[in-house]
Amino acid sequence: MKASIAVLAGDGIGPEIVTEAVRVLEATARLFGHEFAMTPVDFGGIAIDRHGDGLPPRTLEACLRSDGVLLGAIGGPKWGPTAPVRPEPALLRLRSELGVYANVRPIKVLAALRDASVIKPEILDGVDLVFVRELTGGIYFGRKSRVGDRATDECAYTVGEVERITRVAARLAAARRGRIAQIDKSNVLETSRLWREVSERVVREEFPGVSIEHMFVDAAAMHLIRRPRDFDVLLTENLFGDILTDEAAMLASSLGVLPSASLGEGRRGLYEPIHGSAPDIAGRGIANPCGTILSAALLLRHSLGLEAEARAIESAVEAAIAGGARTADIAGHGGPSIGTVAMGDAVLARLKR
Ligand code: IPM
Ligand code: MG
């Protein structure tokens, strides 16, 4: 098949990890007889420096023309909270322009990494959960203002926004263990009461095989560490999902191994590791490329329908890690580690049809 992929390396470790994911995509194309046209474009801080805009028109057009968008990471101290133009709004705008309202973040504990987690190994056995985080609404996109000594961020959701994301979670749950935990703060927030009502109704009326329970976000934060294997699909609004997915990443040992897919109504999606640009280790060749490589696998699965190819990449990553390939973040207590390119090589060496 012929497909076009927009490649947004971004800032910090972005270029290093994306280079490895692109090598894996190229190797996969050769192995399975596909042609992936990959278009690198500026995005984030680097785009601000070069074009004065974190999401220049050329970048947005390349994304809108593509079948899928692969993103590394954006941001850094150079464009901190006091900078005149910051990269984060560009990411929010990109998500919004692409209409990718459903951010799917699978958290699976690889047996080989059980001991690399800061959490006791026996808690981790059998953990296999997936977050469905609403991505284009809520407090991230509400009106913001600063008047006098008062700052405001508005959080709003519509029934339609909750209905469509609940359907994504329910379809996913139906193909898994059939259980949704919807996370909110409905003892305090009106938006949360809407989420509870609407998600409950959608699941009851449209997904007879799926069950839904509702949980306060503070309790969910605790249960994620205490009994993570009880979760199947976690459905959250935007901000709670942002926070809880970083927490849940610790189950899988490191943010560095976790991919995400952001999906909308069509097939085109935005694929990025869940970690940030890690400016502290940028340019040192030690970042873990696995989260980005696995995001590329999700791109093949969800945007191109290439299931066998996606599995081939996922198996290669698992085999590389099981075979002892470890970047510093997953090496555990000062164990021996390899660099970004060597990790890419270890995955490539195990990639097969
Ligand atoms: C994420 C990140 C982003 C978010 C930042 C960079 C704006 O933390 O994808 O989880 O908060 O959505
Ligand atoms: Mg985050």
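We use all heavy atoms of the structure for the numbers below, so side chains are in, but hydrogens, waters and symmetry mates are not. In listed order, ligands and their atoms are each counted from 1.
- What you find for Cys290 and Ile321 is that their closest heavy atoms are SG-CD1, 4.3 Å.
- For ligand 1, the atoms sitting less than 4.0 Å from at least one non-hydrogen atom of Arg133 are 1 (C), 4 (C), 9 (O), 10 (O), 11 (O), 12 (O), numbered in the order shown with element in parentheses.
- Atom 5 (C) of ligand 1 has Leu91 CD2, 4.4 Å as its closest protein atom, hydrogens excluded (heavy atom only).
- Side-chain atoms of Asp184 and Ser192 form no donor-acceptor pair, as typed in the model, at a separation below 3.5 Å.
- For the Mg ion (ligand 2), the N/O/S atoms of Asp246 include none lying under 2.8 Å.
- Counting heavy atoms of neighbouring residues, nucleotides and ligands inside a 6.0 Å radius, atom CZ of Arg58 does not exceed 12 of them.
- When the heavy-atom distances from atom 3 (C) of ligand 1 to Glu272, His275, Arg95 are ranked, the shortest goes to Arg95.
- Listed by atom number, the atoms of ligand 1 under 4.0 Å from Arg105 heavy atoms are 1 (C), 9 (O), 10 (O).
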Side-chain donor-acceptor contacts of residues 71-84 below 3.5 Å, not counting sequence neighbours, with atom names and distances?
| from | atom 1 | to | atom 2 | distance (Å) |
| --- | --- | --- | --- | --- |
| Lys78 | NZ | Asp49 | OD2 | 2.5 |
| Trp79 | NE1 | Asp49 | OD1 | 3.1 |

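- Considering backbone and side-chain N/O of Glu88, none are found under 3.5 Å from N/O of ligand 1.
- When only non-hydrogen protein atoms are considered, atom 2 (C) of ligand 1 lies nearest to Asp242 OD1, 3.9 Å.
- In terms of the side-chain contact (heavy atoms from CB on, under 4.5 Å) criterion, residue partners of Pro56 (sequence neighbours excluded) are, by chain and number, Ala47, His51, Thr59.
- With a 6.0 Å radius and a threshold of 12 heavy atoms from other residues, nucleotides or ligands, Arg193 has its CZ atom above the threshold.
- A donor-acceptor contact shorter than 3.5 Å is absent between the side chain of Arg114 and the backbone of Asp125.
- Within Asp242, OD1 is the N, O or S atom that lies nearest to the Mg ion (ligand 2).
- Of all protein heavy atoms, the one lying nearest to atom 4 (C) of ligand 1 is Tyr140 OH, 3.5 Å.
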